[in-house]
Amino acid sequence: MSAETPLVLVLNAGSSSLKYQLLEPDSARVTAEGLVERIGEPVSVINHEQGGAETVEELHLPDHRAAIAKAMELFAAHGTDLTRTPLCAVGHRVVHGGRSLYAPTLIDQHVIDEIERIAPLAPLHNPPNLVGIEAAQALLPNVPGVAVFDTGFFHGLPDVSARYAIDRKLSDDYALRRYGFHGTSHDYVSHRAAEFLGRDYDATNQIVAHLGNGASMSAIAAGRPVDTSMGLTPLEGLVMGTRGGDIDPGLLFHLKRVVGMSVDDIDHLLNKRSGLKGLCGENDFRTVTEMIAAGDAAAQEAYDIYIHRLRGYFGAYLVELEQTDIITFTAGVGENAASVRADSLARMSRFGIEIDEQRNAVRSREPRVISTDASRTTVLVVPTNEELEIARQAKALVTS
Ligand code: AMP
């Protein structure tokens, strides 16, 4: 394949999902896209859109390998044989790059081994990312694969936010530090926010709240990420769908010594049975919202804790940045849940932040302002587009 050919196939494998897109990075024109959800559950769902037609199928997809095979089948059913499509790269979202991998990287065996070595730091994500890499190599052996790391955007975090206050030698020997995640989204959204407002990226201070099933916040000072809520692993920080975010580490010793849980039990608890799911039994924000409307007290409390944590991080980052030009909400909850935006920034007019109720109620897939004209900080909703960012970075690497 020639490096000039424009299309990129992007594979974004989450813990139980797979998003994929075939797109042209410069124009952002999407030829085909799809989403597979509930991989590994009794009934999985695949939604594939191509050429104005949408296919939705419910079937059992036991693992990511099966999900990718099904996606390829649907490409073929819509007349696209990927092995004959001019592709300049396959771009892969890879969640954890550790200390050594952060810039977009051409995938070879050494890179695969390194992603595998780092997998214990992102056990829900790096293994499915590797399945995607292997599947693409098998299907498209002559197309360069590019890994784009979720941790990459935060690689240069200052030590004051990246270092844990633990024994220095231990953390240096084992590369124990705060890496940050969702970097591709924070990168894309913060640039899009500055562009949308006609501001110079390198002269704006921004806070981005990426609120999806996973959730993280970042503080960006004059175009440079200076803090983020996720740490060594994607467990730290905000309350999420199935992860609880910040806890007292003493809780872990208590769970082991007093409750008698194994390390694997605790890992499962913190990754799968915490956050909204742990608090009220559901991790999907839409379901939690319906439960609240039906008077469910546990769902209401889960929501209140979710908001309380968000407000704490907003407070910390507003102080850290001293002056904040833009706050942006993104991802499934951030783009859609108006109440979360309103409640997490309520009663902050003394800090120069005022949400406009009517603007906040608008539903759209376009970037939009939701603050009042008087608000010193401009508050935005900007739909994220990790796939486009991955495609751009992958193409830039193979054509450089
Ligand atoms: P993401 O990880 O970005 O795909 O976001 C997934 C989360 O966004 C899930 O918790 C969804 O319930 C939530 N979400 C998606 N659409 C809506 C909506 N219309 N209102 C509230 N939450 C939503």
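Along the sequence shown, residues carry numbers from 1.
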*Quick one: are the ring centres of F153 and H182 less than 6.0 Å apart?*
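Not close enough - the centres of the two rings lie 6.0 Å or further apart.
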*So, does S375 use its side chain to make a donor-acceptor pair with the main chain of T372 at under 3.5 Å?*
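Answer holds: no.
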*Has E41 got more than 12 heavy atoms of other residues, nucleotides or ligands less than 6.0 Å from its CD?*
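Yes.
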*Taking atom CD of E357 as the centre, does the number of heavy atoms from other residues, nucleotides or ligands within less than 6.0 Å exceed 12?*
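Check fails, neighbour count at 12 or below.
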*With sequence neighbours excluded, tell me which residues meet salt bridge (Lys or Arg N to Asp or Glu O under 4.0 Å) with R38.*
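Partners of R38 by the salt bridge (Lys or Arg N to Asp or Glu O under 4.0 Å) criterion come out as none, since no residue qualifies.
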_Distance alone, cut at 3.5 Å: any donor-acceptor contact between the side chains of S262 and D265?_
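There is such a pair (donor and acceptor under 3.5 Å, judged by atom type) between the side chains of S262 and D265.
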_D113 side chain to Q109 side chain, donor-acceptor N/O pair below 3.5 angstrom_ =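 There is such a pair (donor and acceptor under 3.5 Å, judged by atom type) between the side chains of D113 and Q109.
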*Which one of H48, E33, E387 satisfies the side chain to side chain donor-acceptor pair (under 3.5 Å) criterion with Y20?*
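Among the candidates, only H48 passes.
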_Given the ring of Y179, does R177 sit roughly above its face, with NZ or CZ under 6.0 Å from the centre of the six-membered ring and within 45° of the axis?_
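Judged by the rule (NZ or CZ under 6.0 Å from the ring centre, within 45° of its axis), R177 counts as positioned above Y179.
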_Residues D284, R286: salt bridge by 4.0 Å N-O rule_ =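 Salt bridge flag = yes for R286 with D284.
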*Mind checking whether S171 and Y164 have side chains closer than 4.5 Å, heavy atoms only?*
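They are not in contact (no side-chain heavy atoms under 4.5 Å apart), so the answer is no.
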*Does the side chain of Y306 reach to within under 4.5 Å of the side chain of V340, using non-hydrogen atoms?*
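They are in side-chain contact.
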